[in-house]
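Okay, so here's the structure we're looking at.
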Amino acid sequence: MKKFWWQDTIIYQVYLRSFQDSNGDGIGDLNGVISRLDYLKDLGVDTLWISPHYDSPMDDNGYDVRDFYKVSEDYGTIEDFKNLLNEAHKRNMKIITDLVLNHTSDEHPWFEAAKDPNHPEHEKYHDFYIWQPPKHDKNGRRMMPTRWKSWFGGPVWQYNEATDEYYLHIFSKKMPDLNWRNKTMREELKTMIKWWVDLGVDGFRVDASNHLEKNWDFPDGHPGYEHFSSLPKHHEYLEELGREIFRPNNLLVIGEAGGASREEALQYAGFDTTEFDMLIQFEHCWVDTDDDNELTPGKWAKGTVDVTKIKQSFNHWHDVFKENGWNTVYWHNHDQPRIVSHYGDDAQYHNRSAKMLLYTLYFLPGTPIVYFGEEIGMTNVDYQKLDDFKDVEVFTEYDNFMNNGASHEVAMQALRDRSRDNARSPMQWNDSKYAGFSNSAPWMPVNGNYETINVQRQLNEKDSIFNHFKKVLQTRKKDALAHGTVEFYDIDHPQSFNYKVSTDNVEYLVLANFKDQKLTMELPESIAAYKLYLSNMKTDANALEFEPYEARVYRRKK
Ligand code: GLC
Ligand code: CA
């Protein structure tokens, strides 16, 4: 078994804009993160993944980079960034940053030159992006090159008058896609990546990494995702980065690549390949869609949570990486709803279901990624007005719902259930106005439940979600559960979530009822050898009946 520092680390994702404001402008920032390092250390976290901190017009909260070498004024200065690295390293913590390589902002100087034939450097930069001439219908009217659909809802093509061409953007129109076939462009990105490595970052999360290559024949199709997702050639680009930069520098590099097959996953993150160290895929993140919903289709349609699918997915990924790579365990990131609202219950069973989700995930082998606020069971937003939402995706999709015939109420409910903004409202530190996130109105409203769900309150309650979190993370470390193996019981059962994790020295048994109805289970015969280690309610260790969302963790030494 290979050994790397990141196998035993616990990662925590900080959505920078919403974590902690330090200067009263209502926007989270780097100094805010520094002020919370001790809190995170106490929780048991040792690596932070920071969402994009680069200069940006913030069309997509920083995933639209204007200057890769500059820290956004919203977030601080390069001195603040160095300070964050220093302060983290002093505490034996690591910092990994988001690396956005698929696109830039349309305000990036490269694109400014690319779109303007009169720009002195037009020649060089035009080919940094992806352009196609218009098509024309039989009446001579201009048409887009294809009907491909962007991930944010509209078309992928935007017309540029000055060159009479369309440019490709698979996300928002302010995020033109880079042309990875252009070697000069790749060299410039590599120089940039090395610059951050030299500054001292400990690794990266590579954004949208499976989209770097496109089908340059531009065949028509709708939505056409297969023409800009997971095309074989993108591995060549990643391999080049891995070989030249990632591997030689002992970095932790996590790739974002939804929908990867077993073979592909090993190509990305197997021990024998040089691309990434770990993978983020989204297989378990949307097991509750409803394909028949026409008003709010796709991820926006709420169906019942398919517990079997979650277990099968966890089991599958454990199996993929158990010998020849390394697994990651996480519920979600800044692109999915809050887990307690999504797969648990954020009302009557808030506390109990949040702990159930904690036990069912965090005893699994691999490296965990905790999403900020998960440790106190933060919930989906309660926004009533459309303009409380901020995500660029929300507004195109709202229009789509209305065009499909949805009422305003139905559209708003879909946003409260499924939009990315659910995971982006400000961190709830205490019960003061603005929840201790800021002392002025935050860039996005604080969730109305901050007076009951907040860090300060949970620090003081022995049995809080936070304190259970802390205990589970300590347990992982103490018993090196990252290196364990897992065995699921009754994997096809639609309601139970039962598994055993073993290391050389210890075994944990997690038994959980994943639903809001009672469940009678058969306990494994070996149960007598175990001791009840944790539970999310007062319970009898031998009771066969499980209350809604009841979960228990048993332990035995080998
Ligand atoms: C990734 C990010 C998402 C962003 C997109 C474009 O999927 O996680 O937040 O909008 O890439 O950069
Ligand atoms: Ca600020």
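Only heavy atoms go into these numbers, but all of them, side chains included; no hydrogens, no water, no symmetry mates. Just follow the structure's listing: the first ligand is 1, and inside any ligand the first atom is 1.
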For W5, is the NZ or CZ atom of K94 found under 6.0 angstrom from the centre of its six-membered ring and inside 45 degrees of the ring axis?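 K94 over W5 ring: yes.
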Tell me, please, whether Y398 has R418 positioned over its six-membered ring: NZ or CZ under 6.0 Å from the ring centre and within 45 degrees of its axis? no
Any donor-acceptor pair under 3.5 Å linking the side chain of N249 with the backbone of L251?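 Judged by distance alone, no pair lies under 3.5 Å.
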Tell me whether [X] is salt-bridged to [Y], with the criterion being a basic N under 4.0 Å from an acidic carboxylate O.
X: R420; Y: D60; value: yes
X: E451; Y: R457; value: no
X: R91; Y: D38; value: yes
X: D417; Y: K299; value: no
X: R66; Y: D64; value: no

Mind reading off the angle at the Ca ion (ligand 2) between the O atom of I27 and the OD1 atom of D21, rounded to 10°? 80°
Looking from the Ca ion (ligand 2), what is the angle between OD1 on N23 and OD1 on D25, to the nearest 10°? 80°
I'd like to know whether ligand 1 has [X] as a neighbour, heavy-atom separation below 4.0 Å.
X: E393; value: no
X: H211; value: no
X: Q336; value: no
X: F152; value: yes

List ligand 1 atoms under 4.0 Å from [X], heavy atoms only on the residue side.
X: R424; result: 9 (O)
X: M175; result: 6 (C), 12 (O)
X: E256; result: 1 (C), 7 (O), 8 (O)
X: H103; result: 6 (C), 12 (O)

Side-chain touch F469/I376, heavy atoms, less than 4.5 angstrom: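 No, side chains not in contact.
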Atom pair CD1 (I170) and CG (D177), whose distance is rounded to the nearest 0.5 Å: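 CG of D177 is found 4.5 Å from CD1 of I170.
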What do you reckon, does R420 have a nitrogen or oxygen under 3.5 Å from a nitrogen or oxygen of ligand 1?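 Such a contact does occur with ligand 1.
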Any idea which protein heavy atom is nearest [atom], and the distance to it?
atom: atom 5 (C) of ligand 1; value: F171 CE2, 3.7 Å
atom: atom 8 (O) of ligand 1; value: D335 OD2, 2.5 Å
atom: atom 10 (O) of ligand 1; value: D60 OD2, 2.5 Å
atom: atom 11 (O) of ligand 1; value: D207 OD1, 2.8 Å

N/O/S atom name from D29 that is nearest to the position of the Ca ion (ligand 2):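 For D29, the N/O/S atom sitting closest to the Ca ion (ligand 2) is OD2.
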